[in-house]
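For reference, the structure is listed below as structure tokens.
The figures that follow rest on heavy atoms only: side chains count, while hydrogens, waters and symmetry mates do not. All chains are named by letter (A, B, ...) in the order of the sequence lines, taking the proteins before the strands, and each is independently numbered beginning at 1. Not measured: the values here are computed from a predicted model.
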Amino acid sequence: MAHDSIQLPCGGDGACMRCKVTPPTEETLTCSICAAPWHVGCLASKPETLASTLQWHCPDCSGDPLLPPSVATDGSSSELFVAIKAIEADESLTEKEKARKRQELVSGRVEEDGGNGKGESSVLDVLDESLNCSFCMQLPDRPVTTPCGHNFCLKCFQKWIGQGKRTCAKCRSTVPPKMASQPRINSTLVSVIRMAKLSKSNAAAGPPKVFHFIHNQDRPDKAFTTERAQKAGKANAASGKIFVTVPPDHFGPITAENDPDRNQGVLVGECWEDRLECRQWGAHLPHVAGIAGQSNYGAQSVALSGGYEDDEDHGEWFLYTGSGGRDLSGNKRTNKEQSFDQKFEKMNEALRVSCKKGYPVRVVRSHKEKRSSYAPEKGVRYDGVYRIEKCWRKVGIQGFKVCRYLFVRCDNEPAPWTSDEHGDRPRPLPAISELKKATDIFERKESPLWDFDEEGSRWKWKKAPPPSKKPANAADLEEGKRTRKAIRHSRKLSTRERLLKEFGCLICQQVMSLPVTTPCAHNFCKSCFEAAFTGKTAIRERNKGGRTLRSQKNILNCPSCPTDISDFLQDLQVNRELMDVIESLKQKSEENEEPAEEEPMNGLEESTDLGSSDEKTGKKTENVDPKDDLENALPNCEEERTSKRRKVDTAQVGDDDL
DNA sequence: CTGATTTCGTAT
DNA sequence: ATACGAAATCAG
């Protein structure tokens, strides 16, 4: 606790600047951010777990309040620590073997396989270590991809950028300013990692873990809209049928019992086209307002869509701004100008009640939130439940008071941007600097109704949620005829189908060969991508009367979004790390599903699955076996792949790489 | 129950 | 940029 004990790293001579002795290798700890060595014995707190040891941040760099504070507990943590250091220092081991040993250490058992057999392979076999983030040496958490094709954790990348660095930590290529300021999460890579973990857990004896990420292809039939809505367009639309059976004042996740159509509930990661469609699944009912709630009861859900510039999004936690303070007279909705102070009344009071009681608040993020790395690229996405830990008022950017809320995630399902296999654990609250200037600070005194249950290792209601004051949605009460549709959406896909679905090139719709990742985080086959720009050049030469004028830059848009990627096109780099993993998954799926071949497609509704039988897109249903596709692609990559060679195990990579 | 007010949307 | 209707809340 005492801040008087100064924390110091080892000096240039290797000696601890605090105790002056030079510690042996197993007693030094290297910061994953700044790479400075520290003497473990002189640290006030040591990392407790394998993960925290591997991505340990030194006292100088650990500014992130969300990382669990590394509290020294008993002797066991330092034993673990020494054991890990011993593995890392062992020169006789390859990186892969080290990884396996670390894995064994933390899991407490030895892989039957020896790690290189042909049966079950470890996650790390599939996810070759070349995919690891160069900073923390872990699989990238909420991965971002540089134009040079290297992948890092968002947080590691942001720290690096925060230190003023503007080069790729792996190959020293320049990081474009837009990527530095607005890194986008590569959701394809999130899927890769998740799938590899899944394929591991399925191969093992344990019960297969089911992951609930819903992609747009899985969405049910287009939402019902009234004739009147069609007449006037969506902006004037009536909402159409509500598919779930929860009352409008229902708190918390929407479970399978309230989803008679699909019997799966509204799962984290589910996406909708717009707010009206989101409404139909009950995640957030108001189709314009950002807050759903009642001032004398509590708030059930909020939308993050960039409507208030004071908002601040950190994924697992964010600062939300209340509503009001604006003059909306005359049926205006787009007036962003604040002209008076917000107060804790109406919706803002509803949020405060949810804070007071510790209710779970559903959160949806909209693509309209442009300043957040966590916003979906399009549409609206359900991101799970959060609790409001405290709220206050402060003077906002526009000079008027705004209500402020600290939301912290508390969901049993992992967030869409992580590859974690589990949901949230309780975490310490982030330090909020603006609290110093805050007024009307409110904190929860009573114990939260929605809380983490240590025994069950899950978030749950500790007491009964408040009784609903409204009638449940009448949706399906009268109709017993809801057997027909949507059953197919819960069908489990084969690994091969998922490969195609997750790693399909956005242009050719087949499993990517030589994937490239744009700075806007879209993935394509290199050849498809290049073909999309044939005949177009990034530089337009201009001539006038035989005189060459200064050449002008052409704007070239990403095939998937309006981002200008002309710079990226100039120096196209394959995302080899991604390519290697797709290839591994591919091989693995062949091993595991060999006998099946075309069989599991028992006719029925298969053709509707990818929407590929759509009238207009009928011809791409040629159903080229993605396996063939990948195999065909491989010979071409040969020369690219041979340059993969040995792993790079530090951030200081020579520029010989590429 | 009514009507006024509010609302981090959407198509023209 | 502008013009909207729907849906929910809340006051009376």
*Remember a base hit wins even if backbone is also touched, and classify A/Tyr320 as base, sugar-phosphate or nothing at under 4.0 Å, heavy atoms.*
base

*Can you name the residues that form a side-chain contact (heavy atoms from CB on, under 4.5 Å) with A/Glu345, not counting sequence neighbours?*
A/Lys343

*Measure from CG on A/Leu351 to C1' on C/dA8 and round the result to the nearest Å.*
15 Å

*Under 4.0 angstrom between A/Arg279 side-chain N/O and B/dG9 OP1 or OP2*: no

_So if I take residues 364-375 of chain A and measure heavy-atom distances to DNA chain C, which residues fall below 4.0 Å?_
none

*Using the salt bridge (Lys or Arg N to Asp or Glu O under 4.0 Å) rule, collect all pairs that involve residues 178-188 of chain A, keeping only residues at least two apart or in two chains.*
none

_Does a side-chain N or O of A/Lys469 approach OP1 or OP2 of C/dT9 to a distance below 4.0 Å, or not?_
no

*Under the side-chain contact (heavy atoms from CB on, under 4.5 Å) test, which residues partner A/Arg425, sequence neighbours left out?*
A/His422, A/Phe452, A/Ser457

*Would you indicate, yes or no, if B/dC8 has its OP1 or OP2 atom less than 4.0 angstrom from a side-chain nitrogen or oxygen of A/Ser323?*
no

*NZ of A/Lys332 versus P of C/dC4: gap in Å, rounded?*
14 Å

*Write down the distance between CG (A/Leu276) and P (C/dA8), rounded to a whole number of angstrom.*
11 Å

*asked:* Closest-nucleotide mapping onto DNA chain C: is A/Gly330 or A/Leu285 further toward the 5' terminus? I mean the 5' end.
replied: A/Gly330

*Rounded to whole angstroms, how far apart are CH2 on A/Trp272 and C1' on B/dT10?*
18 Å

*Ignoring hydrogens and angles, answer whether the base of C/dA7 and the side-chain atoms of A/His287 contain a donor-acceptor pair closer than 3.5 Å.*
no

_Suppose we screen for side-chain contact (heavy atoms from CB on, under 4.5 Å). Which residues come up paired with A/Leu189, at least two apart in sequence or across chains?_
A/Leu131, A/Pro143, A/Thr145, A/Asn151, A/Asn186, A/Val192, A/Leu578

*Do the rings of A/Tyr359 and A/Phe251 sit parallel, tilted or perpendicular, given the 30° and 60° boundaries?*
tilted

*With A/Arg326, which residues qualify under side chain to side chain donor-acceptor pair (under 3.5 Å), at least two apart?*
none

Under 3.5 Å, N/O pairs linking protein and nucleotides 10-12 of chain C:
| residue | atom | partner | partner atom | Å |
| --- | --- | --- | --- | --- |
| C/dC10 | OP1 | A/Ser295 | N | 3.2 |
| C/dC10 | OP1 | A/Ser295 | OG | 3.0 |

*Looking at residues at least two apart in the chain, or sitting in another chain, which of them share a side-chain contact (heavy atoms from CB on, under 4.5 Å) with A/Asn335?*
A/Asp327, A/Leu328, A/Lys332, A/Glu337

*Round to a whole Å and report the spacing from OH of A/Tyr405 to C1' of B/dC8.*
14 Å

*In whole angstrom, give the distance that lies between atom CD of A/Glu273 and atom C1' of B/dG9.*
14 Å

*Apply side chain to side chain donor-acceptor pair (under 3.5 Å) to A/Arg166 and list each qualifying residue two or more places apart in sequence or on a separate chain.*
none

*Please list, chain by chain and in numerical order, all residues satisfying side chain to side chain donor-acceptor pair (under 3.5 Å) with A/Ser301, sequence neighbours excluded.*
A/His284

*In terms of the angle between their ring planes, are A/Tyr405 and A/Tyr320 parallel, tilted or perpendicular, with boundaries placed at 30° and 60°?*
tilted

*Sequence neighbours excluded, which residues qualify as side chain to side chain donor-acceptor pair (under 3.5 Å) partners of A/Lys357?*
none

*Name all stems that contain residues of DNA chain B, defined as runs of 3 or more consecutive Watson-Crick or G-U wobble pairs, both distances under 3.5 Å.*
B:1-7 with C:6-12, B:9-12 with C:1-4

